[in-house]
Visitor: 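Mind having a look at this structure? Questions to follow.
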Amino acid sequence: MSDSEDDRPLKAKSKDTISKADDAAMDKQLPSNGHVEPGISMAMGPVEEMDVDKPTTNGTSSSKRKASRANGKSYKEASDSDDDVPLQKKRKTKVAESDDEDDVPLVKKMAKPIKATAAQMGEESDDDVPLGQQLQKEKAVIEEAATKEAQALRRQDKVADAKRKAKKKAASDDDDDDDVPLAKKKKAPVKKEGGAKKVKKEESDDDVPLSRKAPAKKTAGKAKKEETATPAKKGKAKVKKEEKTAEDEEAEAEEEDYRWWEDPTKGDGTIKWRTLEHNGVVFPPDYEPLPKNVKMLYDGTPVDLHPEAEELAYAFGSMLNSTHNVENPTFVKNFMDDFRKMLDSTGHAKDRDGNKVKITKFEKCDFQPIFNHVDAERQAKKALPAAEKKKLKAEKDEAEAPYMYCMWDGRKQKVGNFRVEPPGLFRGRGEHPKTGRFKKRVLPEQITINIGKEAMVPKPPEGHKWKEVKHDQEGTWLAMWQENINNAYKYVMLAANSDVKGQSDFKKFEKARELKKHIDSIRADYQRELKSEVMAERQRATAVYLIDQFALRAGNEKGEDEADTVGCCSLKFEHVTLRPPQTVIFDFLGKDSIRFYNEVTVDLQVFKNLKIFKREPKKEGDEIFDRLTTSSLNKHLSNYMTGLTAKVFRTYNASWTMSNLLKDMKSTGTIPERVKDYNDANRKVAILCNHKRTVAAGHDAQMEKMEDRINGLRYQQYRLKQQMLDLEPKLKKKRGEAYFALPEGIDDEWVKEYQAARVEEERQKIRKKFEKENEKLVAEGQKEMKTKELDERLKVADEMEAMFKEERKKKKKIEAEGKAPTVEKLEQSLEKLDTRIATMRTQAEDRDNNKEVALGTSKINYIDPRLTVVFSKKFNVPIERFFSKTLREKFDWAIKSVDEDWEF
DNA sequence: CTAAACAACTCTGTTGTTGATGC
DNA sequence: CGCATCAACAACAGAGTTGTTTA
């Protein structure tokens with residue numbers, strides 16, 4: 001097959017269309033070319049329902065999905081033999097062999113009859129619904145799908161129409177009240193102006209029409225409101241700033257009872273603010289050259305460096321303890337490249353006699369002196385008296401105070417990241433090709449300021465000027481620059497607890513909730529399109545399936561100079577392994593180079609499709625979805641619902657899962673237990689989203705410690721039992737040998753060690769106490785105690801040791817302890833130990849389960865906070881147990897807006 | 001008309017700091 | 001009660017997604 005028209009001729013591509021014969025061939029489980037693992041069918045057992053997901057028509061309700069994900073079992077017998085059904089619509093759009101042409105225009109494709117759906121629906125059986133009901137349901141769904149499709153078509157036309165109009169009309173701003181997304185309507189004309197403006201500089205800003213017609217009209221109501229509110233508040237805010245005490249802050253919070261989420265004028269619209277005042281950014285401190293006596297060595301010789309070059313050496317030297325970086329060849333190579341370049345441009349290193357030293361080889365560089373110096377400084381800083389530390393912090397806080405807040409439409413708002421990122425060595429994540437390169441200091445000349453037209457522009461540092469000052473009301477950023485490694489944009493924006501961020505967060509979750517209304521038809525559609533003869537369509541349907549079912553990310557294309565990671569659309573041949581009959585194994589690096597590994601059971605059709613997409617001549621390195629891009633996917637999704645994109649599915653599925661888990665929960669028990677119930681649900685969502693973390697360094701040790709403590713308790717139980725025997729030997733017969741035996745996992749060796757540890761512990765305790773008392777005595781000017789006294793005291797431990805020894809020798813004769821011991825009393829202690837062991841076990845399990853799952857990300861970004869508020873109210877757990885202070889501020893809107901009946 | 005570039009925003013795990021806890 | 005330890009938190013900066021503009 002020749003791919004001559006393709007830009008990347010080496011990449012194999014799928015055919016345009018899939019013939020019936022093609023499809024049929026895939027049914028014979030030829031080990032063919034689809035990289036299929038030999039059949040290992042998994043045991044299939046009944047799967048318990050985990051949530052009350054509304055069953056969807058296709059038998060893949062998300063409840064089953066989740067269950068199958070959780071226990072790795074399939075939920076459906078392979079009963080689906082769709083390909084015997086004649087696909088009557090053999091309407092080939094192209095000759096099968098002509099490759100690489102564009103696909104049929106979307107409209108044409110959409111017009112395809114939905115008969116296939118009907119046929120398919122008929123054969124798939126939803127095992128837990130009676131047949132009669134099932135058929136009815138299916139019929140309804142098919143009809144719905146038909147309507148939806150028609151709607152989608154109409155919508156599409158309209159959008160296209162609107163776009164054409166917009167182009168013609170340019171800046172004219174009349175609204176026709178159709179369902180064309182607002183953003184799109186507005187964006188086109190307004191951005192035109194923006195584009196033109198961009199060429200201009202600050203001084204010509206005056207001729208830019210600030211009062212753009214459209215925005216002015218749109219926000220008229222809001223503006224009025226603001227006019228009355230602003231002056232008063234401004235005045236107060238200023239007074240507050242002078243002496244901001246805790247009480248003031250509180251009073252302010254109380255009077256600031258603005259509920260934007262109830263304000264109908266807030267929300268969409270592209271104008272984000274009317275007035276904006278802020279003080280710009282904080283620059284990192286200038287580089288302070290190292291003291292004269294601290295120098296890096298080259299080939300054993302201390303060398304002098306130009307301060308700019310020294311800054312690089314400093315950057316490398318100060319992270320010598322991070323072997324992960326410093327011993328990474330890419331990191332070292334990139335660093336040395338930049339270091340040498342810097343040396344070339346700033347003049348070479350010199351030895352103490354002023355002779356040039358050409359630094360070339362990393363092996364000859366010794367940064368240890370720099371590290372030692374930095375480390376000493378760090379220690380010194382750490383060792384500073386508390387008062388001193390406090391003072392320094394107060395000074396810093398005061399210096400930064402002006403940058404912490406801005407005035408946004410007259411309201412005081414917290415700024416998120418007002419500090420310009422300091423220079424340093426770039427640490428990409430995963431195997432980033434640019435790791436180790438020097439991220440340069442950002443100069444004011446690179447920074448663009450975005451601020452209100454009337455506001456005072458913050459002064460750049462002495463002798464500098466800003467790159468540009470903008471008044472872009474459509475942007476929510478206050479300042480912006482580009483970093484030199486990837487030319488990535490960096491923005492200074494508001495903090496998460498600000499109104500704007502809250503609003504967009506709110507919108508995000510509302511959008512996810514809206515998806516609920518469309519999800520059934522979307523699922524029905526992709527089920528049908530999984531069998532489309534048009535390759536692009538089939539790939540798209542399969543991708544949507546994966547995104548919906550397994551919470552994959554969209555997966556944009558990535559460049560050569562980025563870490564090699566993928567998402568759904570960019571999955572490659574080697575990332576997906578197929579194991580008949582219908583198991584798919586995903587194994588790839590996703591965002592942040594986090595491994596995504598999942599063995600899942602998929603619909604037979606999906607399995608077959610993946611096999612087709614992997615067909616020859618594709619091989620490792622080739623894309624599975626070669627006819628699909630994230631934009632085409634999102635474009636398709638947006639036909640169902642304004643603003644629907646791949647990422648919305650993640651939000652939707654996460655919140656929907658959480659919602660169902662919480663709905664069914666009857667959390668009783670203590671508050672910690674209820675919190676744990678919540679966290680368990682949280683964890684399921686985190687696993688769904690593949691939110692991982694590296695196992696903490698001390699985790700294993702920690703687990704061992706816990707295990708040891710549990711065993712200690714179990715040994716205590718054993719001793720108690722032996723004591724019972726001491727009191728009542730008959731018990732041995734009554735309860736059986738096993739009852740009195742050493743617990744499993746504990747042997748004589750362990751006991752010996754355990755006892756030795758106890759004895760040692762006791763000794764330490766005594767010594768410590770002794771020393772302390774002595775110190776005190778000295779401090780009071782008295783004589784300290786003799787070592788004899790210590791020895792005397794240590795006798796307690798000696799006795800203990802002797803007793804243990806005796807015990808071990810006699811074997812199983814342990815005398816009952818305590819005053820008036822009875823079997824009953826011992827029994828009681830035994831039970832107490834039982835509960836302690838149980839709680840400790842769950843604690844240990846919990847910790848172990850959590851070792852590589854990060855709960856925070858899903859809590860902060862995916863789970864609708866209102867669900868947490870509902871849980872908190874329903875089960876009477878203070879919200880503080882779930883949301884930290886900052887999170888409570890971020891989710892203020894959620895905390896104040898729902899009662900316990902609210903549903904996602 | 002694509003593909004790359006530009007732009008702006010969300011999401012992500014790690015790191016440094018802080019506050020609670022246990023001894 | 002003072003101290004050390006450790007977990008929880010907030011800050012951080014890199015890595016995605018999405019949409020628009022330009023070559």
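Just so you know, these numbers come straight off a predicted model, no measurement behind them. In what follows, chains are A, B, ... by sequence order, proteins preceding strands, each numbered from 1. Every heavy atom of this structure was used, including side-chain atoms; hydrogens, water molecules and symmetry mates were not.
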Visitor: Report the distance from atom CG of A:Asp564 to atom C1' of C:dG16, rounded to the nearest whole Å.
Guide: 15 Å

Visitor: Taking only the side-chain nitrogens and oxygens of A:Tyr489, find out if one of them lies under 4.0 Å from OP1 or OP2 of B:dA8.
Guide: no

Visitor: Run the salt-bridge test on A:Glu889 and A:Lys885 with the 4.0 Å N-O cut-off and return the result as yes or no.
Guide: yes

Visitor: Would you please name every residue forming a side chain to side chain donor-acceptor pair (under 3.5 Å) with A:Lys591, sequence neighbours left out?
Guide: none

Visitor: At under 4.0 Å between heavy atoms, which parts of nucleotides 12-18 of chain B does protein reach? Answer with one letter per nucleotide, 5' to 3': B base, S sugar-phosphate only, - none.
Guide: BBS---S

Visitor: Atom CZ of A:Phe883 and atom C1' of C:dA8: how far apart are they, to the nearest Å?
Guide: 16 Å

Visitor: Between P on C:dT17 and NZ on A:Lys511, what's the gap in Å once rounded to a whole number?
Guide: 15 Å

Visitor: In whole angstroms, how far is the C1' atom of B:dA7 from the CH2 atom of A:Trp477?
Guide: 10 Å

Visitor: Does the separation of the ring centres of A:His432 and A:Phe426 fall below 6.0 angstrom?
Guide: yes

Visitor: Pick base, sugar-phosphate or nothing for A:Lys490, based on heavy-atom distances below 4.0 Å to the nucleic acid.
Guide: base

Visitor: Can you tell me if A:Lys501 touches the phosphate of B:dC9, counting only side-chain N or O atoms and a distance under 4.0 Å to OP1 or OP2?
Guide: no

Visitor: What residues form a side chain to side chain donor-acceptor pair (under 3.5 Å) with A:Arg836, not counting sequence neighbours?
Guide: none

Visitor: Is the closest side-chain donor-acceptor distance between A:Lys470 and A:Thr448 under 3.5 Å?
Guide: no

Visitor: Should A:Thr645 be listed as having a side-chain N or O under 4.0 Å from OP1 or OP2 of C:dT17?
Guide: no

Visitor: Are OP1 or OP2 of C:dG14 and a side-chain N or O of A:Lys439 less than 4.0 angstrom apart?
Guide: yes

Visitor: Taking only the side-chain nitrogens and oxygens of A:Ser504, find out if one of them lies under 4.0 Å from OP1 or OP2 of B:dT10.
Guide: yes

Visitor: OP1, OP2 of C:dG16 versus side-chain N and O of A:Thr565: anything below 4.0 Å?
Guide: yes

Visitor: Mind checking what makes side chain to side chain donor-acceptor pair (under 3.5 Å) contact with A:Asn634, not counting sequence neighbours?
Guide: none

Visitor: Parallel, tilted or perpendicular for A:Phe316 and A:Phe331, by the 30°/60° rule?
Guide: tilted

Visitor: Of the nucleotides B:dC9, B:dT10, C:dC6, which has the atom closest to the A:Lys508 side chain?
Guide: B:dT10

Visitor: Output yes when A:Lys507 and A:Glu510 qualify as a salt bridge under the 4.0 Å nitrogen-oxygen rule, no when they do not.
Guide: no

Visitor: Rounded to the nearest Å, what distance is computed from the NZ atom of residue A:Lys272 to the C1' atom of nucleotide B:dC9?
Guide: 9 Å

Visitor: Is the phosphate of C:dT18, meaning OP1 or OP2, less than 4.0 Å from a side-chain N or O of A:Asn634?
Guide: yes

Visitor: For A:Asp505, what residues pass the salt bridge (charged side-chain N to carboxylate O under 4.0 Å, His left out) criterion, not counting sequence neighbours?
Guide: A:Lys508, A:Lys890

Visitor: Short of 4.0 Å, heavy atom to strand atom, which residues of residues 414-423 of chain A count as contacting DNA chain B?
Guide: none

Visitor: Which of the following nucleotides, C:dA15, C:dT18, B:dC9, is nearest to the side chain of A:His432?
Guide: C:dA15

Visitor: Do A:Asn497 and A:Thr886 have a side chain donor and acceptor closer than 3.5 Å?
Guide: no

Visitor: Over how many whole Å does the gap from A:His699 atom NE2 to C:dT5 atom P extend?
Guide: 21 Å

Visitor: Starting from the 5' end of DNA chain C, give me the residue, A:Ala563 or A:Glu880, whose nearest nucleotide shows up first.
Guide: A:Glu880

Visitor: What is the distance, rounded to the nearest whole Å, between atom CD of A:Glu557 and atom C1' of B:dC6?
Guide: 18 Å

Visitor: Expressed in angstrom and rounded to an integer, what is the separation of A:Gln482 atom CD from C:dA13 atom P?
Guide: 18 Å

Visitor: Using only side-chain N and O atoms of A:Lys647, determine if any of them is under 4.0 Å from OP1 or OP2 of B:dC9.
Guide: no

